[in-house]
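Inspection log for the structure reproduced underneath, given as structure tokens.
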There are 2 protein chains.
Amino acid sequence: MSEETTLAQPQPVRKQQQRSIVTQQKLLDAAIEAFSENGFKGTSTRDIAARAGVHHPLITYHFKNKDQLWRAAADHIFSAFTRSLSKSLEENRNMDAKKRMSAMIYAYVNYAKSQPALHKVMVQEASCPSPRLEWLIDTHLKPFFEASFSLLGELQDLGIAPAGNPALLFNMIRLSSGGLLALGNELKESSNIDIEDPRTLDEIAAMIIRVFLPGEMPAAAAKAS
Amino acid sequence: MSEETTLAQPQPVRKQQQRSIVTQQKLLDAAIEAFSENGFKGTSTRDIAARAGVHHPLITYHFKNKDQLWRAAADHIFSAFTRSLSKSLEENRNMDAKKRMSAMIYAYVNYAKSQPALHKVMVQEASCPSPRLEWLIDTHLKPFFEASFSLLGELQDLGIAPAGNPALLFNMIRLSSGGLLALGNELKESSNIDIEDPRTLDEIAAMIIRVFLPGEMPAAAAKAS
DNA sequence: ACACTTTTTGTCCAGACTGGAAGAATTACA
DNA sequence: TGTAATTCTTCCAGTCTGGACAAAAAGTGT
């Protein structure tokens, strides 16, 4: 379920051809782009096919229908996202809680920049309850969120993060990074913030840490949390 | 340009009829709802008309076309929004800077709850540069944003708000309130946050103030900023 | 080289879409 | 009350939608 290739066909007798993998990848990339620009309803399968440089009936062939294509595309970016964040947590396993959280914030900001669709898709789907939204939350968001809540709780106990509902706090962090970067063009015009400038990304991450994790780690707890 | 009624016709010889005003209002409300759910491309004029309980050619009659209807609808909520925030600033003109900013945050959170379209529309339009986006920024966002930047700068000088680019800081505040509330359904599922509960709104506003305005006003500067 | 499978292409469909035309109904005002 | 402007309704044309299908092409494995 969580991997691409061999999505539509039940059990291929022969191995999947290279060109088929390429087509699927092109369709997924195009789908992410299109869906994040125009939402699910606002995107036509023909538009996706055109962006991918491919004939539109190939969508039916590879992904069965528009809904399945959406799921595959969302799965694609969200698993890459959680993979990237898990990796960051993994690499900093031995660091103290503040360093771990900071590293995660940097990872979040960078991934959100490279894939703003991540947040746009959420906003578009969050409008009204839909099977797509539910699937997305259960499959990708919940596990990662719950881990973050507890890490934040830890930081609150240490007096590093401000008090209050950690879930709320986490979502504010999430919006200050992912939500901010999703606004892209608007920020340039309205606030003279250029997210294309790599220094801006560091500035954003640094500010999030300054704002949401203002405390310092006590020397005693600096090694193990 | 900034007011509804008499949008399509050049100069009506007779005054506008009551039923016409009602129809326009119903169409505007329906349009806001529909556009915020499905984006510009994803919304059909027929859908809007159906939500408004009105025949679809009335859109042509009252607003000329889909694009003009979008502009009228956006104008509607954004001018109500800036009006609401200006009122808050006005009422607290004599208070100190922190109180003024706090009041604005409360106003922002409350308006974003009652009109989540405000933020959804921005995210949907921010995807790619569009004449609609530019118009929205120039007409409604920029004036209000610039006032906020300078108020925030003031708070930074007083050591109340964290240091850094005030424009960035302001946008984080904006996303932590408006962006958060736009996620509505998702938060309930993913983070067990119920934005329908009025206490949640207070909790959000209080947390934003705690996080973004952690300093206290110096006694000397408490009266005049 | 061959038969057989996977992948792509071209074409078609029924329904929904936008924008607009034209006439009927309603209302304002003298 | 009569009539002319305003508002609403009914229809149509041309385009786009998601999806279906057969036939062609390309690749696989023996």
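Throughout, protein chains are lettered first and strands after them, A, B, ... in sequence-line order, and every chain is numbered starting at 1.
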Any A/H55 side-chain N or O less than 4.0 Å from OP1/OP2 of C/dT8: no
Phosphate-side-chain proximity, A/T23 and C/dT7, N/O vs OP1/OP2 below 4.0 Å: no
Near-ring test A/F212/B/F212, centroid separation under 6.0 angstrom: yes
Validation row: B/H55, B/Y61 side chains within 4.5 angstrom (heavy atoms): no
Test item: A/L69 and A/T45 side chains (from C-beta on) under 4.5 Å apart, heavy atoms: no
Aromatic ring pairing B/F81/B/Y111, orientation class (parallel under 30°, perpendicular over 60°, tilted between): tilted
Atom [atom1] of [X] to atom [atom2] of [N]: distance rounded to whole Å?
X	N	atom1	atom2	answer
A/I21	C/dT6	CD1	P	14 Å
A/Y61	C/dT6	OH	P	7 Å
B/I59	D/dT7	CD1	P	16 Å
B/K26	D/dT7	NZ	C1'	13 Å
A/H62	C/dT6	NE2	P	13 Å
B/L58	C/dA21	CG	P	16 Å

Polar atoms only, N or O, under 3.5 Å: list the protein pairs with nucleotides 19-26 of chain D and their distances.
unit_1: D/dG19; atom_1: OP2; unit_2: A/K66; atom_2: N; d: 3.1
unit_1: D/dG19; atom_1: O6; unit_2: A/H56; atom_2: NE2; d: 3.0

Does any N or O in the side chain of [X] come within less than 3.5 Å of the main-chain N or O of [Y], such that one atom is a donor and the other an acceptor?
X	Y	result
B/S88	B/S84	no
B/T200	B/E196	no
A/K66	A/T43	yes
B/T23	B/R19	yes

Worked verdict on B/D75 versus B/W135 for side-chain contact (heavy atoms from CB on, under 4.5 Å): CA-CA 10 Å; B/D75 195 52; B/W135 169 85; 3.9 Å; yes
Neighbours of DNA chain C within residues 31-44 of chain B, by heavy-atom distance under 4.0 Å: B/T43, B/S44
